[in-house]
Amino acid sequence: MIKLVRGFKDILPTETALWQYVEATVRELLEDFGFAELRIPILEKTELFARSIGAGTDIVEKEMYTFTDRKGDSLTLRPEATASVVRAYIEHKFYAKDPVCKLYTIGPMFRRERPQKGRYRQFYQINAEVFGLHDPRADAELILLLMKFMNRLDLSGIVLHINSLGCHKCRPHFKDDLKTFLANRSEQLCSDCLRRRDENPLRIFDCKVPTCKETMTDAPSILDRLCSKCRSHFNTVQDVLKMSHIPYETNHRLVRGLDYYTRTTFEVLAGALGAQDAVAGGGRYDGLVKALGGPDQPGVGFAIGVDRLIELLAGQVQGLEKRSHLFIAALGVRAQDRAFQWVQDFRMQRFRTEMDLEDRSLKSQMRRADKLEASYVLIVGDRELDEGAAVLRNMTTKEQERVPLRGLVGFVVSRIKPTTTGRNNEDRR
RNA sequence: GUGGGUGUAGCUCAGUAGGUAGAGCACCAGGUUGUGGCCCUGGAAGUCGCGGGUUCAAGUCCCGUCACUCACCCCA
């Protein structure tokens, strides 16, 4: 038997309704906030990711699916979406028409990591990016949108962490301070952190080893070293969040693994997820567009981990309403032929209808109708054909009534339609 | 890449001191000769992850391997 590739998964019919619900909800919200959908390819030139995410990052260094195509180009299955969105923004010169541009995209990303709960080699992200706005309110609005989304999904037990990483002016100073601080504390750091000290000292804040955590409690905080512009930017972001009643925690240890982030960064964490607890994350990336060959336009964005979101929702008892539908139980060839036509007619009336295509006993057809959770069953056999009227059974009340064969479809639809519960009863709060 | 746990029917699992497999649920049929959910009866369904070894005999012991899973790492 040929099996799934490691770290990849099928999203089964029992799960897709939830996925569709999540996607429909976020699309609606994003569009209300003025975002337009952009669909980007899954494959890009390797260089795009090396230059945006950062050549020294784990993602680029050891997690990308990279291969050489037949012409010798190095191509990579996208490990994240921002790089591609920026590439498209530049390539299609969106900035020329209007420097302010809000885009979203939904799709799979690929990273070759060891699979784990909440971590797959193909995983899905919802990405939103805003270009052309320096104003800190753009950062705040994006966070607002993100939290609004979590809210619509009725997600509980999540926390929002925010931080500022400073800009290209103040961050280097902070890095120096941090290196000085760490210089004579080698014995107090784990081997991983010793390595990080040289490569990316900010990451040490993320370490979970107790002694490292202990050591880092006395470490300098980036928030104390921000330059005046970064400081006021961060303050404004917080002011807007407060004004909007969005609860948050500032977390000066929140460091993100992609090199392009500047100033505001944020993460939404859910304890119920286990070790991989980040459901969403994002931040500002003011130098990225320029670094990739575009104009000097700022950017802010976030990514939501859909797989993790789904996991949270599945753990929170989700009752998605089902449409009521009809099952036709036919006995004998004559009735089956008539029923087959009716089934098609009902469907053309946009009414979900099914029948058994094999010649089975009424009992087994009823059982099947029950299993499919049909709300009504229409019973037709030779007897009904001769009498000119079929039997319509309401499966919840068990009431049965005779319905004339002449004009049957229209009659049944009018009889049944009013009780149809649409799937659009999602107007929560 | 590193470590722990687990791999027996579609699903959840049992399998005792090694003697070539069992339960519950699900499935199919019958009990009701034209009526679902409950109940009863019967049926179908397993290369015991894969490969090798020890043994008269291995699901059970040994080695290897693969997969799943959780954690490290990293991140959504």
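A note on names: the letters A, B, ... follow the listed sequences, proteins ahead of strands, and every chain is numbered from 1.
Across all strands, A:Ala369 comes closer than 4.0 Å to no nucleic acid atom at all (heavy-atom distances). Residue-level contact check: A:Gly118 touches the bases, meaning some heavy atom is under 4.0 Å from a base atom.
When each of A:Ala278 and A:Lys62 is assigned the nucleotide of RNA chain B with its nearest heavy atom, A:Lys62 is the one assigned upstream, toward the 5' end. Comparing A:Lys117 and A:Asp277 by the nucleotide of RNA chain B whose heavy atom lies nearest to each, the residue mapping closer to the 5' end is A:Lys117.
Remark: C1' of B:A29 and CG of A:Asp359 are 15 Å apart, rounded to the nearest angstrom. One can place CG of A:Leu273 at 16 Å from C1' of B:U69, the figure rounded to the nearest angstrom. In this entry the distance linking CD of A:Gln276 with C1' of B:U69 reads 13 Å, nearest Å. We find that CD of A:Glu113 is positioned 8 Å from P of B:C75, with the value rounded to whole Å. Spacing between atom CZ of A:Phe123 and atom P of B:C74 amounts to 16 Å, rounded to whole angstrom units. In this structure, A:Tyr260 places its OH atom 11 Å from C1' of B:A76, rounding to the nearest Å. With rounding to whole Å, A:Glu61 atom CD is found 13 Å from B:C73 atom C1'. The separation between A:Glu63 atom CD and B:G1 atom P is 12 Å, rounded to whole Å.
In this view, A:Thr68 satisfies the side-chain hydrogen bond (donor to acceptor under 3.5 Å, both in side chains) rule with no residue, not counting sequence neighbours. Not counting sequence neighbours, the partners of A:Arg225 by the side-chain hydrogen bond (donor to acceptor under 3.5 Å, both in side chains) test are A:Asp177. For A:Arg6, there are no side-chain hydrogen bond (donor to acceptor under 3.5 Å, both in side chains) partners two or more places apart in sequence or in a different chain. Evaluation of the side-chain contact (heavy atoms from CB on, under 4.5 Å) rule for A:Ala303 yields A:Gln125, A:Asn127 as partners, not counting sequence neighbours. A:Ser221 meets the side-chain hydrogen bond (donor to acceptor under 3.5 Å, both in side chains) test with no other residue; sequence neighbours excluded. The salt bridge (Lys or Arg N to Asp or Glu O under 4.0 Å) search around A:Arg368 returns none, not counting sequence neighbours. With sequence neighbours excluded, the residues satisfying ring pair (Phe, Tyr, Trp, His ring centres under 6.0 Å) with A:Tyr285 are A:Tyr260.
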Listing time: all N or O pairs from protein to nucleotides 7-13 of chain B that are below 3.5 Å?
none

Heteroatom pairs (N/O) under 3.5 angstrom, protein to nucleotides 64-68 of chain B:
unit_1, atom_1, unit_2, atom_2, d
B:C68, OP2, A:Arg6, NE, 2.6

Whether each nucleotide of nucleotides 33-42 of chain B has a protein heavy atom under 4.0 Å at its base (B), only at its sugar-phosphate (S) or at neither (-) is summarised, 5' to 3', as -BBBB-----
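Between B:A17 and B:A57, the two C1' atoms lie 15 Å apart (nearest whole Å). B:A23 and B:G18 have their P atoms separated by 24 Å, with the value rounded to a whole Å. The gap from the P atom of B:C72 to that of B:C56 amounts to 48 Å, rounded to the nearest Å. Only the C1' atoms considered, B:U54 is 7 Å distant from B:C62, to the nearest whole Å. B:G15 and B:C61 have their P atoms separated by 12 Å, given to the nearest Å. Nucleotides B:U69 and B:G36 place their C1' atoms 39 Å apart, quoted to the nearest Å. Separating the C1' atom of B:G5 from that of B:G53 is a span of 25 Å, rounded to the nearest Å. Annotation: B:A67 and B:A76 have their P atoms spaced 26 Å apart (nearest Å).
In this structure, A:Arg415 pairs ionically with A:Glu401, as a charged nitrogen and a carboxylate oxygen lie closer than 4.0 Å. Under 4.0 Å is where a charged nitrogen must lie from a carboxylate oxygen, and between A:Lys9 and A:Asp307 at least one such pair does. Electrostatic pairing of A:Arg334 and A:Asp386 counts as a salt bridge here, judged by a charged N lying under 4.0 Å from a carboxylate O.
A:Gln365 and A:Arg360 are not linked by any side-chain donor-acceptor pair at a separation below 3.5 angstrom, with hydrogens and angles left out of the test. Side chains of A:Thr105 and A:Glu37: no donor on one and acceptor on the other come within 3.5 Å. Side-chain atoms of A:Tyr124 and A:Gln122 form a donor-acceptor pair, as typed in the model, at a separation below 3.5 Å. Inspection of the A:Asn394 and A:Gln400 side chains reveals no N or O donor paired with an N or O acceptor under 3.5 Å.
Residue pairs that meet the ring pair (Phe, Tyr, Trp, His ring centres under 6.0 Å) test with at least one member in residues 126-146 of chain A, sequence neighbours left out, are A:Tyr89-A:Phe131.
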How is the base pairing of RNA chain B summarised as a dot-bracket string, given the Watson-Crick and G-U wobble criteria with both distances under 3.5 Å, [ ] for crossing and | for another strand?
(((((((..((((.....[..)))).(((((.......))))).....(((((..]....))))))))))))....
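Side-chain N/O atoms of A:Arg119 and base N/O atoms of B:C70 include no donor-acceptor pair closer than 3.5 Å. At a cut-off of 3.5 angstrom, the base of B:C73 holds at least one donor-acceptor pair with the side chain of A:Gln116.
None of A:Val391, A:Val403, A:Ile416, A:Thr353 except one satisfies the side-chain contact (heavy atoms from CB on, under 4.5 Å) rule with A:Leu378; the exception is A:Val403.
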